[in-house]
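Sharing a structure below in structure tokens format, with a few things to ask.
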There are 2 protein chains.
Amino acid sequence: MSQRNTRVPERADEQEACTLLEVISRVSGKWSIVVLLETARRPMRFTELERAIHGISRRMLTLTLRQLERDGFLVRTVHPTVPPRVEYAATDMARELHAHLSGLTEWAERHRDTVAAARAAFDEAAAAR
Amino acid sequence: MSQRNTRVPERADEQEACTLLEVISRVSGKWSIVVLLETARRPMRFTELERAIHGISRRMLTLTLRQLERDGFLVRTVHPTVPPRVEYAATDMARELHAHLSGLTEWAERHRDTVAAARAAFDEAAAAR
DNA sequence: CTGTATCCGGTGGGATACTG
DNA sequence: CAGTATCCCACCGGATACAG
């Protein structure tokens, strides 16, 4: 989502960071991940996604879908009926990404308490000063 | 009555998406990942990081370090010497996160060409319209 | 039903001068 | 050496109105 994060690596040891930032930038938008998860299970229609994803605006749903389609994570299919029927289906690449992200989710759940404790300690130390 | 058509919003999916967004938000800043990678190898001093990370401003290095310290990814140690000597060291949790992120890097490298091709095709189709 | 167009506020991040 | 303070701007995302 945020293209401002792209930059050219000047050093070899920054190459990995650049690659990581590249992929993370693609899914770091506010709605990218939840759209990926919804479509990973089965193809979804526009309004179906709009109803399933609580709080998303029509504009952001469109932008997020376009971006995911552009990067090859979603395939958009228009059925020429009246009214129009558009389906968004996750690609194999997207499902593979989802598997890696699940690893991150597992990590996050395992360390959630530790992070919360670290934050509380940091904030308390800051307040004490 | 048959309730086959009533669709309950997928709470589990949104929950996972929220957890994922939480952890990704912590490392999606422009400089978070490269700072994590640099400090993961060995403890680093402030100016050392400033020199190692090409293009980072003093302000953003400070903000990034504070944020990573607050979440428990870095430990900041001040040696009471003159001039002051401050070292930032990655925690075990941060190194574990780094391992998961490496999986993402591998995925990104494997699919880099596919993504590039998808983008080119999408942009060309958009230009043709 | 499936989008576009427009306006607007909040925020992430750059440049740089100052400081203990 | 290791930061902080200030100014500034680009861009993300929300609300809403319009359209094929």
query = If you round to the nearest 0.5 Å, how far is CG of A:Leu20 from CG of B:Leu101?
reply =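 One gets 5.5 Å once the value is rounded to the nearest 0.5 Å.
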
Gap between atoms CG and P, on B:Leu74 and D:dG3 respectively (whole Å) =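 About 12 Å, once rounded to whole Å.
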
query = Is it true that B:Glu38 and B:Arg41 have a side-chain N and a carboxylate O under 4.0 angstrom from each other?
reply =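 Judged by the 4.0 Å cut-off on N to carboxylate O distance, B:Glu38 and B:Arg41 do form a salt bridge.
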
message = Is there a side-chain contact between A:Arg66 and the phosphate of C:dT2, meaning an N or O under 4.0 Å from OP1 or OP2?
response =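 No, outside the criterion.
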
request  = To the nearest Å, give me how far apart CD (B:Glu50) and P (D:dG3) are.
outcome  =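 To the nearest whole Å, that distance equals 10 Å.
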
request  = Report the C-alpha distance between B:Thr91 and B:Leu74 in whole Å, list the side-chain angles of each, state the deciding distance to 0.1 Å, and finish with yes or no for side-chain contact (heavy atoms from CB on, under 4.5 Å).
outcome  = CA-CA 6 Å; B:Thr91 62; B:Leu74 292 182; 6.0 Å; no

inquiry  = Both A:Thr62 and A:Arg45 contact DNA chain C. Taking the nearest nucleotide for each, which residue is further toward the 5' end?
reply    =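 By nearest-heavy-atom nucleotide position, the 5'-most residue is A:Arg45.
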
Atom-to-atom span, CG of A:Leu65 to P of C:dT2 - whole angstrom =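 Nearest whole value for this atom pair: 11 Å.
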
key: Single-linkage hydrophobic cluster, 4.5 Å side-chain cutoff, A:Phe73 and A:Val75 together   =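 Unlinked, A:Phe73 and A:Val75 end up in two clusters.
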
ask   = In terms of hydrophobic clustering (I, L, V, M, F, W, Y; side-chain heavy atoms under 4.5 Å; direct or indirect links), are A:Trp31 and A:Val86 co-clustered?
value =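 Same cluster.
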
query = CG of B:Leu21 versus C1' of D:dG13: gap in Å, rounded?
reply =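 So the CG-C1' distance, B:Leu21 to D:dG13, works out to 13 Å.
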
query = Whole Å only: how far is the CG atom of A:Leu63 from the P atom of D:dA15?
reply =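 Whole-Å distance recorded here is 14 Å.
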
ask   = So A:Glu96 and A:His98, side-chain contact (heavy atoms from CB on, under 4.5 Å) or not? Walk me through it.
value = CA-CA 5 Å; A:Glu96 207 182 310; A:His98 174 235; over 6 Å; no

salt_bridge(A:Glu22, B:Arg112) N-O dist < 4.0 Å =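 A salt bridge links A:Glu22 with B:Arg112.
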
query = To the nearest 10 degrees, what angle separates the axes at the start and end of the helix from C:dC1-D:dG20 to C:dG20-D:dC1, five pairs each?
reply =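 It comes to 40° between the two terminal axes.
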
inquiry  = Within this structure, what is the OG1-CD1 distance for the pair A:Thr64 and A:Ile33, rounded to the nearest 0.5 Å?
reply    =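 Between A:Thr64 OG1 and A:Ile33 CD1, I get 11.5 Å after rounding to 0.5 Å.
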
ask   = To the nearest Å, how far apart are A:Leu61 CG and D:dT16 P?
value =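 A:Leu61 atom CG is separated from D:dT16 atom P by 17 Å.
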
inquiry  = From CG of A:Leu49 over to C1' of C:dT2, roughly how many Å is that when rounded to an integer?
reply    =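 Nearest whole value for this atom pair: 12 Å.
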
request  = Using a 4.0 Å cut-off on protein heavy atoms (strictly under), produce a 5'-to-3' string for nucleotides 14-20 of chain C with B for base contact, S for backbone-only sugar-phosphate contact, and - for none.
outcome  = BBB----

key: NE2 (A:His79) with more than 12 external heavy atoms under 6.0 Å   =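 More than 12 heavy atoms, drawn from other residues, nucleotides or ligands, come within 6.0 Å of this atom.
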
ask   = Rounded to whole angstroms, how far apart are NE2 on B:His79 and C1' on D:dA2?
value =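 Going from NE2 in B:His79 over to C1' in D:dA2 covers 14 Å.
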
